[in-house]
Structures are given as C-alpha cells and as structure tokens.
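Notes to accompany the following structure.
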Amino acid sequence: MIKTVKHTRDILPSEFSQDTSAQSHRFQHVEAIAREAFRRYGFREIRTPIFEHTELFARGVGTETDIVSKEMYTWTDINGDSLTLRPENTAPVIRAYIEHKMAHQSDLAKLFYIGPQFRRERGQKGRFRQFYQIGVEVIGKSDNPAIEAEVIEMIYWMLTELKIEQTQLLINSVGCPVCRPNFNEMLKREVAPHLPQMCGNCNRRYETNILRVLDCKEDAAIVSKFPSTLNLLCQECSTHFAKFRTYLDARSIPYKIEPRLVRGLDYYTRTAFEITSGSLGAQNSLLGGGRYDGLSETLGGSAAKGFGFALGLDRFVMSLPQDVEDPSVPLLFLAHLGEKAMEYALKLASSLRREGVACAVDFEARSLKNSMKLADKVKAKNVLIIGEDELVKGRYVLRNMSTGEQSELTEEELFERFKAK
RNA sequence: GCGGGCAUAGCUCAGUUGGUUAGAGCGCCUGACUGUGGAUCAGGAGGUCACGGGUUCAAACCCCGUUGCCCGCCCCA
C-alpha cells in the first residue's frame, strides 16, 4: 500500500475520520472565522507559489537559521535553478510586495495568506512536514505600534470566536540594528565565563545565535542572571515598546513580558510576540510573529516597515472545543421506493439543488427501512419519502428526523418550504 | 540529526509460562420488521498478527534487523 510521506497526513471529512485534529470541517471553521476577521480589519488575500527560488529564503530567513540550514525541501530544477518548497510565507509576501511595486500603489499593504508550508522536521504532537499557516503582513511606511496592537486585537477576536481557551500572550522586544550588536556583544562577554558549566546547546548557540541562550530551559538558573534585552534597548526601541504596551492596555489585552522570547528567524526587529496554549504539549506555540523592518531591503527592495504573524492552523484545530458542528450535512434526504420513484427522486434532486437546497439521493434501491437508516447515518435533517402512492397523489411525505413529525406536501409546497431557508 | 515508547480486524484494544482453526467492543452489511431511522436480538463480511530474517517440534508471543507511528530534545506555527 502506498501511504502518505512520513510526517505528512490527510485531512479527511468527518465521516472518514474520528480524529478531531484531522477533520476537514474543523479546518474550514478556523479559516472561515479568520476570513471574517480579515474582512472586518481590512486585510486582502495574497496567494504566492508554494515554491520559490532558494535564494529568497537564504537571504530572507537567514542561512544560519535551523529552517534554512537543515529543514528545507530544496531541489535543482532541470535548467539548473535551485528551488525550494516554502518553509514560511513572510519572505514570499515581501518578495511579491517588491515585485509588484506595491509601495507605489499604497502607503500600507495589509495582506493575509492561507496555505501549506513545508519543513523537513521530525514529527511530533502538533508538528508536521506539511503544515498549514494563516498569516498576515502589514507592510509600508508606518511602523506605528498601533498596528501591532490592532493585529493582536484581531487575533483575540478570532480566539474568542473559536472558543480557544487557556492562551497566553507573551511579548518582548529584540531591538534593532542600532542596539542589537551592542547587546549581543555584552551578552557574549557575560556568558563566556559560564560556558563550561552550560549545556551543549548553549555552547552551540553561543556561536550561532547568542540571543537564544536566553531561552535555555536547562540552564535557567544561570540564564536568569544575564541581562534582559529590554534593559539595553536604544531610546527609540524602548519608546516603541512602551507605546505598544500602552496600546495593548488601552484594549484591555492581557500580556506577559517575556525577556527570553527570542524568535529564531533572522529578520525580526523590535516587537516579538507569541501566543501559547496550555493544551498542546511540548509544541505549545499557537502563533508567533513580530516586526521585520529591514526585510524589504534585505530582499533588494526599498526601505519598508513590516509587521506580521503566522498561526499554526493544525494547532488551532487541535485547540478547538470538541463540538464544532459539521455544516456539510444534507438538509433533505430523498428516499424512494420503486424504479419510477427513483427516477423522479433523481430529477427532483437536480431541481432542488438548483434552488440551493443541500439534498442527497440514495443511488441504490433499498427498503424504506434501510433508506431511513442511511438518512440517519448521513445526519440528514429531513427525509422526503417518495413511493408509488405519493407519485400517484402528487403529495409526498416529509419527515423531520429530529422530532419525527411528518406532513404531506406537494412538490410546489416542498420548494416553497426549503427555498425560504 | 539525537533519545524513549509502540505496531494484532475500518477504529479502540484483549491474547496466560511459546501450544490446535487469533478474539472482544464499536463500526459496517443482512434479517427479525415485505412503507419509516436512533433501541433490542440474531446472523454475516472483514486479519500476510507492520516487514524481513533467526531460535524452536511449535512464534502474534523470544532474539536481530528494517520500516512506520507516537512522545520528547533541538527548533518552530
């Protein structure tokens, strides 16, 4: 049997999967709420290709990051180009922003995307090699922290609508090209004497990404004595962060300042944030994002400010309450008895569907009992019984499957009844 | 890339110190009920016991290897 590639999976209709974390209607539910949020907040959809030139990620995300150094699906195309399945979607969006000269057409581009991303990681709870992200990017002239607060407000609206609980907002500022080099240097001086007592990861991070040393759980005791990024921000970064917090307070959005929150991607500046869930296991990050004011220039565009986040759709679906209703159930099930009745039922279904009624017809000739069983199985709300008698009378029996009430009505009345809904 | 656990029916899982024809619940199909679902009862279909090798008179069970899945590390969504 040919199966899905390791650490990838199928998302199935609910009748084929009991696993609530892999049912397609639950994915649709999150997407629908997200699209409604984007409509209200004025975000417009962008769809970029799922593969790009490898160089885009090398330059955008950073060669030294784990993502680029060991997790990308990269291959050489027939003409020699190095191509890569996108491991994230911010760099592609900025690429499109530059390529289509959006800066000339609008002060601020507010974009969202929904789609699969690919990273060759070892699978785990809430982590897959093809995973789905919904993200937004705000790109343009302004770096007003009000943008950040508004985006987070929108996220909270989504979390509330989706009834996702046990969440926590963590915020931090990682500085800018002015203050970060000083901070990195100072941190290196502080950490150096402790290196022999610290774990292997920290010793490695000391070289590759000194900031991440602050995020070590193993050496938490030592790490807690190191200076926080927040004390060393330059004046402008410090003011930016303070204003950001004021805007959050004004919206009554609770947050926790987490000086150890350091994003692994190179492009982040200033504000970094993350929302975690208490119900996810080790991979507890529901979404994360931040500001990336230099990315446009890094990718060869003109200067532009940027802020965005990506949410893990797979993880959102796992965090959803159990009772998300599957909307794709037939309103009306047509049960028929006899050949003529079946022909009539097939035609009637076509007409009903043209009027927008979701209906199902049995393709087999069954006993009424078995048709009823089938209707029950597909969770039909109503069943229309079409037998020889009904055909002659031109009046059909309509049964409400939840109350059991039955009534007789003509074809005309049937259309009247269901079109209204 | 590293570590731990697991692998028996569509699903969840039993399976004794190795011993005949591998079981249960749920689900599925059929019937009791020839025009009325959910309940009950009866029957039925469904298995390369993950794969390959080894030990043994005999392996679902013991040993080795492989693959896959789960969980953790790393990192991230």
Side-chain angles (χ1 to χ4, degrees), chain A residues 1 3-9 12 15-19 30 61 64-71 87-90 114-135 199-202 204-205 208-209 212 215-218 261-265 268 272-277 280-289 308-319 333 335-338 341 364 366-390 396-406:
Chain A
M1 183 175 42
K3 301 203 290 182
T4 54
V5 172
K6 187 198 276 214
H7 303 312
T8 66
R9 60 179 184 160
L12 302 171
E15 63 264 40
F16 298 114
S17 173
Q18 275 58 249
D19 178 2
V30 176
V61 180
E64 296 309 310
T65 61
D66 279 20
I67 291 178
V68 174
S69 65
K70 54 187 189 194
E71 293 174 359
E88 60 102 53
N89 223 145
T90 297
I114 297 178
Q117 314 292 337
F118 307 84
R119 292 181 200 170
R120 198 181 186 289
E121 293 185 280
R122 189 73 179 274
Q124 209 180 123
K125 190 179 179 67
R127 193 186 15 202
F128 309 94
R129 288 187 174 177
Q130 171 169 337
F131 59 104
Y132 296 83
Q133 285 191 332
I134 300 178
C199 70
N201 284 325
C202 284
R204 193 173 42 78
R205 288 161 170 166
T208 57
N209 190 345
R212 291 211 59 87
D215 198 22
C216 184
K217 287 123 206 159
E218 218 173 304
L261 175 65
V262 186
R263 315 250 89 221
L265 281 55
Y268 284 113
F273 75 102
E274 182 169 314
I275 290 180
T276 58
S277 161
L280 280 180
Q283 305 305 319
N284 67 351
S285 177
L286 269 176
L287 63 91
F309 76 92
L311 70 81
L313 187 45
D314 307 83
R315 292 180 188 177
F316 260 59
V317 167
M318 282 194 295
S319 309
F333 184 96
H336 45 77
L337 291 149
E364 303 286 335
R366 280 179 233 266
S367 66
L368 183 57
K369 183 178 193 63
N370 284 328
S371 281
M372 294 298 288
K373 275 191 180 180
L374 185 62
D376 187 53
K377 204 184 98 186
V378 301
K379 300 190 176 74
K381 303 252 194 296
N382 302 279
V383 172
L384 189 72
I385 298 167
I386 305 164
E388 306 290 343
D389 304 352
E390 283 81 357
Y396 309 91
V397 176
L398 179 71
R399 180 181 179 87
N400 179 316
M401 292 298 273
S402 47
T403 64
E405 284 171 53
Q406 295 195 172

pair A/N370-A/E364: side-chain heavy atoms closer than 4.5 Å | no
Test for a donor-acceptor pair under 3.5 Å between the base of B/G1 and the side chain of A/R122, counting only N and O atoms.
-> no
In whole angstroms, how far is the P atom of B/C70 from the NZ atom of A/K3?
-> 11 Å
So do A/L313 and A/F131 actually touch side chain to side chain, heavy atoms under 4.5 Å?
-> no
A/R315 side-chain proximity, nearest of B/G35, B/G37, B/A77 | B/A77
Quantified in whole Å, what is the P atom distance between nucleotide B/G1 and nucleotide B/C26?
-> 44 Å
Under 4.0 Å between any heavy atoms, over every strand shown, what does A/G289 touch: base, sugar-phosphate, or nothing? Just pick one.
-> nothing
So which nucleotide does B/U36 pair with, by the Watson-Crick or G-U wobble rule with both distances under 3.5 Å?
-> none
Quick one: is A/K6 getting a side-chain N or O under 4.0 Å of the B/G68 phosphate, OP1 or OP2?
-> yes
A/K377 NZ to B/G27 C1': how many Å, rounded?
-> 9 Å
So what does A/E274 touch, heavy atoms closer than 4.0 Å: a base, only the sugar-phosphate, or nothing?
-> nothing
Please measure how far the P atom in B/C41 lies from the corresponding atom in B/A14, and state the result in whole Å.
-> 25 Å
Do the side chains of A/H7 and A/R122 get nearer than 4.5 Å, heavy atoms only?
-> yes
Distance between the C1' atoms of B/G38 and B/U66, in whole angstroms?
-> 48 Å
Whole-angstrom distance between B/U16 and B/C6, as gauged at atom P | 16 Å
Mate of B/G72 where both pairing distances stay under 3.5 Å, Watson-Crick or G-U | B/C2
When the distance from CZ of A/R9 to P of B/C70 is rounded to whole Å, what number comes out?
-> 9 Å
Output the single nucleotide from B/C69, B/G1, B/G38 whose closest atom is nearest the side chain of A/D376.
-> B/G38
P gap between B/A60 and B/G53, integer Å | 14 Å
Within the modelled atom types, does a donor on one side and an acceptor on the other bring the side chain of A/E390 and the base of B/G35 under 3.5 Å apart?
-> yes
Note, A/K6 side chain near A/R129 side chain (heavy atom, < 4.5 Å) | yes
Quick one: the side chain of A/K369 and the base of B/C33, do they pair up donor-acceptor inside 3.5 Å?
-> yes
For B/G18 and B/A9, measure between their P atoms and round to the nearest Å.
-> 23 Å
If we take the P atom in both B/U55 and B/C63, what is their distance in whole Å?
-> 15 Å
For atom CZ of A/R129 and atom C1' of B/C69, their distance in whole Å = 13 Å
Partner of B/C13 by Watson-Crick or G-U wobble geometry, both contacts under 3.5 Å, or none?
-> B/G23
Answer yes or no: is there a side-chain heavy-atom contact under 4.5 Å between A/R399 and A/M372?
-> yes
For A/Q124 and B/G72, is the shortest distance between a side-chain N/O and OP1 or OP2 below 4.0 Å?
-> yes
In whole angstrom, what separates A/L398's CG from B/G37's P?
-> 16 Å
Taking the side chain of A/N370 as heavy atoms from C-beta outward, which of B/G72, B/U30, B/A77 is closest to it?
-> B/U30
Across all strands, who's sitting opposite B/U56 as a Watson-Crick or G-U wobble pair, both distances under 3.5 Å?
-> none
pair A/E71-A/D66: side-chain heavy atoms closer than 4.5 Å = yes
Under 3.5 Å donor-acceptor pair, A/E71 side-chain atoms to B/C75 base atoms | no
When you measure from the side chain of A/Q406, which nucleotide among B/C29, B/U36, B/G37 comes out closest?
-> B/U36
Complementary nucleotide for B/G46 - Watson-Crick or wobble, under 3.5 Å | none
For B/C11 versus B/A50, give the span between their P atoms, rounded off to a whole number of Å.
-> 13 Å
Protein-nucleotide distance (A/I385, atom CD1; B/G37, atom P), rounded to Å = 10 Å
Are more than 12 heavy atoms from other residues, nucleotides or ligands located less than 6.0 Å from atom CD of A/Q406?
-> yes
Euclidean distance, atom CE of residue A/M372 to atom C1' of B/A39 [Å, nearest integer] | 15 Å
Once you round it to whole Å, what is the distance between P of B/G72 and CD of A/E121?
-> 13 Å
Is there a Watson-Crick or G-U wobble partner for B/G65 with both distances under 3.5 Å, and if so, which one is it?
-> B/C51
B/C75 base to A/R127 side chain: any donor-acceptor pair below 3.5 Å?
-> yes
Side-chain touch A/S285/A/R315, heavy atoms, less than 4.5 angstrom = yes
